[in-house]
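Note: hydrogens, waters and symmetry copies are ignored here, and every other heavy atom, side chains too, is used.
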Amino acid sequence: MLKLLTAILVLVLLLLVWKAFRERLVLGLKAGMAVYLIVVAVRLAQQMTDIDRLFALGTVILAFLGIWVAAWAITNFIASRQQ
C-alpha cells in the first residue's frame with residue numbers, strides 16, 4: 001500500500017512539474033537531442049563504424065524521438081483540458 005501511495009505521489013509531483021515547466025522541458029529535450037546527435041556524428045566521423053554502433057545510434061535516436069513524442073502528446077492533452 002505504501003508503494004502505491006508513493007507512486008501516486010510521485011506521479012502527481014511529476015505532473016505538477018510538467019505543468020509548470022513544460023516549455024523548458026520540451027526545449028531541454030530538443031537541445032539535448034541536438035547536442036547528442038552532434039557528439040555522435042563527430043565520434044562516428046572520427047572512428048571506424050560498425051553495425052553495432054550504428055544500431056546503438058538508431059536505438060538512442062528512436063528513444064529520444066519517443067520521449068519527445070510522449071512529451072508533445074502530454075503537453076497537447078494538458079493544453080486541451082485547460083481550454
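The nearest pair of heavy atoms linking L65 to M33 is N-SD, 4.4 Å.
Side-chain heavy atoms closer than 4.5 Å link hydrophobic residues (I, L, V, M, F, W, Y) into clusters, and following such links, possibly through other members, connects V60 to L37. No path of Ile, Leu, Val, Met, Phe, Trp and Tyr side chains, each step under 4.5 Å between heavy atoms, connects V17 with L27, placing them in separate hydrophobic clusters. A single hydrophobic cluster is not seen to contain both F21 and L29; linkage of ILVMFWY side chains at heavy-atom distances under 4.5 Å, directly or through other members, places them apart.
Taking CG of L13 as the start and CG of L9 as the end, the distance is 4.5 Å to the nearest 0.5 Å.
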